[in-house]
Structure formats: C-alpha cells, structure tokens
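Let me begin by presenting the structure, written as structure tokens, before commenting on it.
Atoms within each ligand, like the ligands themselves, are counted from 1 in listed order.
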Amino acid sequence: MGLRENIARVRNQLDEAARAAGRDPGEITLLAATKTQSGETIRAAVRAGITVCGENRVQELTAHLAEGAYEGAAVHFIGHLQTNKVKDVVGRVALIHSISSDKLLRAVAAQADRLGLVQDILLEINLAGEESKSGFSPGQALDAARLAASLGGVRLRGLMCIPPRAVLPGDNLPYFQKLRRLAVDITREMLDNSIDMDVLSMGMSGDFADAAAAGSTCVRVGSALFGPRPPMSSTHD
Ligand SMILES: *Cc1c(COP(=O)(O)O)cnc(C)c1O
C-alpha cells in the first residue's frame, strides 16, 4: 500500500478515535517517525501532507537536514540522546521529546544558552520502570519539571512516554491515562512557574487510537505509515 493511502488511513483512524472520545481531532498532531527512511521518502511524506517529522538518530537528522528533506515540515527529535551529541540537535529541531535525565536536561539548556535560544522540550517518562528504556520515573517527574523551569535555555512543553509494546487493543490505555494524570499534576503543582505544558507525546503504530482516547496531542507513527522497518543495528543513538 502506498504512503499517501497509509497517511490517509492513519489520519482517519486517529480522527475517529478522537471523536469517539469527545475530542477535537485538530488537537492531535500526526508525527511521522522517520527512522531508517531515506530523504526521498521523507520528502514524499511531506508532499502527502505530513507536517511534523520525528528523528531518532542524530546522524540521520544531520543528513536529512543537509539535504533539505523536511522542507515544508517541522522536525522533532524523539530518540535517545547522548550528552555529547546535544550540540547537533539543540536549535535544529522544534521540539526534543526525549529528555531522559537531569544531566541531559542541563546539557541541552547549557547549549541553548550558548546559542542564545530557548529549546522546547518534553520529559520522557519511563512509566513501566523498564530497564531497557530511558526516562524519569513518575516519582522523579515533578523534580525534573522544577529543574527545567529553573533553567533559562529550555521551555518545558509536556511529557512523552514509550510504554511496552501493546499486544491487544486497550493494553496501553492505563499507561496513557497515567501520563496524562502526571502532566495535570505537574501543571497544578507548578502554577507559580508559568510553564506551558500543552504537549502529551504518546501513541505509536500499535496503540495510537488508545493514546488519542486518553488525551494524546502528538502520536509518533512509523511502520503504519512507511511499512515494516529493516532491523536497526542498535536501539540507542
Ligand atoms: C520508532 C519510534 C516510533 C514509531 O514506532 P512505530 O511502532 O513504527 O510506529 C515512535 N516513537 C519512537 C520514540 C520511536 O523510536
């Protein structure tokens, strides 16, 4: 099936899930997760209506920026980010979804300061406490948000999660609801800090409808748009 048809199908399913939950589909961004895709495929996706691309790997981000692959669309960083690669990402993407530690948070803020800009960020929350995944535990989230609010170089826009792979529809609903509650709690706790938490980045190919029902404002979809990926050499970097 073609890319254009896939985008239309996913967007329709997303809109239906939003409406069924009494939400405005216009509140939910369909981000195309472009890892392993060529610049040409990214250009085709943008021509077919994709407005936001999400990159996992610094190397791919750099190459695709150099070839102008995102022309007409925004680009976000959604993958694991190492402190030593922060300079290749800060200021080059509209939003970093994957701030997963205090160390990374400070490094991103410092680089943004150096460049004289403010980088929009999300905190990645490891809801299921999975060893294999990065992120703050739910219990650490409020302190991390306070740290972000205290650093001039970053603007905290919300939270992101990558729950375990869903097997059945509904499997990840509790995680998505938990992330939403966490965002509400943080916003309530930090009213004095005037933060703009309006992004909940949750939902992938297997569970974006549940995420939409639970309040997602950004679903990150790869294989449902582009087809199955070749195996990656590493899940990190
Ligand atoms: C690959 C990836 C996605 C998309 O995964 P699919 O299951 O292919 O839709 C979303 N978010 C992140 C962080 C990813 O690495």
(message) I'd like to know if Glu124 pairs up with Lys133 as an ion pair, taking the criterion as any Lys NZ or Arg NE/NH1/NH2 lying under 4.0 Å from an Asp or Glu carboxylate oxygen.
(response)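 Looking at Glu124 and Lys133, the cut-off is not met.
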(request) For the residue pair Arg9 and Asn12, confirm or rule out a side-chain donor-acceptor distance under 3.5 Å. (result)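 The criterion, which ignores hydrogens and geometry beyond distance, is not satisfied for Asn12 and Arg9.
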(message) Can you confirm whether the side chains of Arg114 and Gln111 place a donor and an acceptor under 3.5 Å from each other?
(response)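 The criterion, which ignores hydrogens and geometry beyond distance, is satisfied for Gln111 and Arg114.
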(request) Give yes if a backbone or side-chain nitrogen or oxygen of Val221 is under 3.5 Å from a nitrogen or oxygen of ligand 1, and no if not. (result)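 Looking only at distances, the answer is no, because the N/O contact criterion of under 3.5 Å is not met.
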(request) Return yes or no for this condition: an N or O of Arg229 is under 3.5 Å from an N or O of ligand 1. (result)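 Looking only at distances, the answer is yes, because the N/O contact criterion of under 3.5 Å is met.
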Shortest protein contact, [atom] (heavy atom only):
atom: atom 5 (O) of ligand 1; result: Met204 CE, 3.4 Å
atom: atom 13 (C) of ligand 1; result: Ile78 O, 3.4 Å
atom: atom 14 (C) of ligand 1; result: Lys35 NZ, 2.9 Å

(message) I need the Ser98 OG to Leu104 CG distance, nearest 0.5 Å.
(response)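 These two atoms lie 7.0 Å from each other.
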(request) Measure the spacing between CZ of Phe176 and CG of Asp207 and express it to the nearest 0.5 Å. (result)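 These two atoms lie 3.5 Å from each other.
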(message) Heavy atoms only, cut-off 4.0 Å: how does Ser223 contact ligand 1, side chain, backbone, both, or neither?
(response)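 Under 4.0 Å from ligand 1, Ser223 contributes backbone and side-chain atoms.
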Which of the numbered atoms in ligand 1 are under 4.0 angstrom from any heavy atom belonging to [X]?
X: Ser205; value: 6 (P), 7 (O), 8 (O), 9 (O)
X: Ala33; value: 3 (C), 4 (C)
X: Ile162; value: 13 (C)

(request) Counting heavy atoms only, name the option from Arg57, Glu55, Arg220 that's nearest to atom 4 (C) of ligand 1. (result)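 It is Arg220 that holds the nearest heavy atom.
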(message) Walk me through whether Arg11 and Asp15 qualify under salt bridge (Lys or Arg N to Asp or Glu O under 4.0 Å).
(response) CA-CA 6 Å; Arg11 188 69 242 187; Asp15 292 357; 2.9 Å; yes
(request) Check salt bridge (charged side-chain N to carboxylate O under 4.0 Å, His left out) between Glu27 and all other residues, then give those that pass, not counting sequence neighbours. (result)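 For Glu27, the residues satisfying salt bridge (charged side-chain N to carboxylate O under 4.0 Å, His left out) (neighbours in sequence not counted) are Arg23.
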